[in-house]
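This report refers to the structure that appears directly beneath it.
Worth knowing before you read on, the calculation uses all heavy atoms, side chains too, and leaves out hydrogens, waters and symmetry mates.
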Amino acid sequence: MARFAHTVTVAALDRGWFEEAAGALVDLLDASREGPGGSVVLTDGRPVEGLRLLKGRHLRPGARYGEVPAAPEGAGEVPVEHAGAGEVPVEHAGAGAGDSPGAPQAVVLRTWRPSHSVEVESLVEEDGMSLKVGLRLSEPRRPRAVELSLSGQKPGGGSLYRFSGRGKADLAAWWAAVDRLPSAPPAARAPVSGRAVHRLAKARLTLTPRPAENGSWRITVVLSVRGRWLLRPVGAVVLFFARGPVERGLREAAETAAEEWNTALAELTPLHGEALRAEIADALVNPDGSTAL
């Protein structure tokens with residue numbers, strides 16, 4: 001097994017503000033309703049940009065969301081299908097979406113219980129690959145965990161074109177890890193971890209944070225890779241020669257992500273209460289507008 005690690009320093013995110021913003025976003029969506037042509041509108045009547053109900057009932061299991069391609073001139077609005085809302089398998093979530101070049105994919109809502117969990121699934125087809133993605137958020141109003149699952153394949157491509165993966169961010173464990181003293185040892189278990197499996201190899205990625213002396217966070221990223229079954233010796237040889245590029249790739253990816261995170265936080269102007277709620281509502285209606293939150 002080959003192991004690669006790199007540590008970056010990032011600006012700390014305020015837990016109270018994060019949970020307040022998450023709760024405000026969930027409440028805004030929970031109070032939204034279906035508008036004309038399948039649009040999703042907030043309580044003030046403004047439509048959410050890029051979110052349109054394609055089939056089913058809004059915020060009910062089986063509801064399918066996406067973008068409706070522009071209808072030919074004079075064809076009128078594309079109707080929303082309300083029948084059979086709970087019977088939409090994810091394999092058909094993108095049905096019709098892939099029939100025309102550049103058509104957007106759709107997302108199926110599996111669970112909407114804001115006090116407990118929210119779960120969505122999507123089937124994306126791009127460059128001949130079919131990718132099924134699932135996302136589950138626990139206790140959305142004060143997020144405790146985010147779980148991601150994915151599986152991909154190339155139709156007719158055989159087992160070499162199939163892979164799967166799962167990941168989880170335990171947010172409760174993350175906050176506990178960054179609330180330690182800077183001199184304390186890092187958390188024994190990584191709050192963020194993910195695994196990917198392919199016929200030829202397995203990979204595991206972990207993120208472990210710890211507080212720095214200046215109030216920022218130091219995050220250690222660890223990537224472990226190993227071959228599978230009889231291919232382990234071959235994989236060991238390949239990784240021996242590829243170690244340099246893999247280490248460089250991990251380092252560059254981690255540094256780029258840290259830089260983007262720091263830039264994003266620096267651009268935020270923390271708001272609270274009704275001001276925060278109003279700013280999030282404006283961002284839902286006009287994502288390219290103000291960045292102050």
* **Residues which pass side-chain hydrogen bond (donor to acceptor under 3.5 Å, both in side chains) with N214, listed by chain and number, not counting sequence neighbours** => S216
* To do: Say whether, by atom type as modelled, one donor and one acceptor occur between the side chain of R180 and the main chain of P185 under 3.5 angstrom.
  => yes
* Can you get from L276 to L25 by hopping between Ile, Leu, Val, Met, Phe, Trp and Tyr side chains that sit under 4.5 Å apart? -> yes
* Point-to-point distance, once rounded to the nearest 0.5 Å, from NZ of K154 to OG of S130 -> 12.5 Å
* For the student: nearest non-hydrogen atoms of L271 and E279, plus distance -> CD1-CB, 3.9 Å
* To do: Please report the closest heavy-atom contact between A212 and P182, naming both atoms and the distance.
  => O-CG, 3.9 Å
* Structure fact -> side-chain hydrogen bond (donor to acceptor under 3.5 Å, both in side chains) filter on R195, not counting sequence neighbours, yields none
* Contacts of type side-chain contact (heavy atoms from CB on, under 4.5 Å), residue L28, not counting sequence neighbours -> R277, I280, A281, L284
* Under the side chain to side chain contact (heavy atoms under 4.5 Å, CB included) criterion, do V8 and W261 qualify, and how do the steps go? -> CA-CA 11 Å; V8 294; W261 170 275; over 6 Å; no
Show me, pair by pair, the donor-acceptor contacts under 3.5 angstrom made by side chains of residues 168-177, not counting sequence neighbours?
unit_1, atom_1, unit_2, atom_2, d
D170, OD1, A172, N, 3.3
D170, OD1, A173, N, 3.1
D170, OD2, R189, NH2, 3.2

* Under the side-chain hydrogen bond (donor to acceptor under 3.5 Å, both in side chains) test, which residues partner D14, sequence neighbours left out? -> none
* To do: Compare every heavy atom of H58 with every heavy atom of R33, then report the nearest pair and how far apart it is.
  => CA-CD2, 3.7 Å
* Those residues that, when tested against S151, pass side-chain hydrogen bond (donor to acceptor under 3.5 Å, both in side chains) (two or more places apart) -> none
All N/O donor-acceptor pairs, side-chain side in residues 248-259, below 3.5 Å, sequence neighbours left out:
unit_1, atom_1, unit_2, atom_2, d
E255, OE2, H6, NE2, 2.8
T256, OG1, E252, O, 2.8

* To do: List in chain and number order the residues that pass side-chain contact (heavy atoms from CB on, under 4.5 Å) with R166, two or more places apart in sequence or in another chain; answer none if no residue qualifies.
  => S149
* Asked: For the side chain of E247 and the backbone of F4, is there at least one donor-acceptor N/O pair under 3.5 Å apart?
  -> no
Quick one: side chains of residues 133-146, donor-acceptor pairs under 3.5 Å with protein atoms, not counting sequence neighbours, listed by atom name and distance.
unit_1, atom_1, unit_2, atom_2, d
R136, NH1, S138, OG, 3.0
R141, NE, D27, OD1, 2.7
R141, NH1, S115, OG, 3.1
R141, NH2, D27, OD1, 3.1
R142, NE, E19, OE1, 3.2
R142, NH2, E19, OE1, 3.2

* Asked: Any side-chain donor paired with an acceptor under 3.5 Å for R218 and T9?
  -> yes
* Structure fact -> All heavy atoms of L59 vs all of S32, minimum pair found to be CD1-OG, 4.4 Å
* To do: Start with the C-alpha distance between W17 and H272, add both sets of side-chain angles, then the distance that settles side chain to side chain contact (heavy atoms under 4.5 Å, CB included), and finish with yes or no.
  => CA-CA 7 Å; W17 178 87; H272 296 277; 3.8 Å; yes
* Can you establish whether the number of heavy atoms outside E147 located under 6.0 Å from its atom CD is more than 12? => yes
* Asked: Just by distance, do the side chain of T111 and the backbone of V118 share a donor-acceptor pair under 3.5 Å?
  -> no
* Structure fact -> So CG of L131 and CD of E125: to nearest 0.5 Å the spacing works out to 10.0 Å
* Can you list the residues that meet the side-chain contact (heavy atoms from CB on, under 4.5 Å) rule with L205, with sequence neighbours excluded? -> L207, V221, L223
* Is the closest side-chain heavy-atom distance between L29 and W112 below 4.5 Å? -> yes
* **Closest heavy-atom pair and its distance - R57, L53** => C-CD2, 4.3 Å
* Is there a path of hydrophobic side-chain contacts, each under 4.5 Å between heavy atoms of I, L, V, M, F, W or Y residues, that connects V246 with V197? -> no
* **Under the side-chain contact (heavy atoms from CB on, under 4.5 Å) test, residues paired with T206 that sit two or more places apart** => A190, S193, R204, V222
* From OG (S183) to CZ (R210), nearest 0.5 Å -> 8.5 Å
* **Where A12 and W217 come nearest, the two heavy atoms and their spacing** => CB-NE1, 3.4 Å
* Structure fact -> By ring-ring contact (aromatic ring centres under 6.0 Å, His included), F163 pairs with (sequence neighbours left out) none
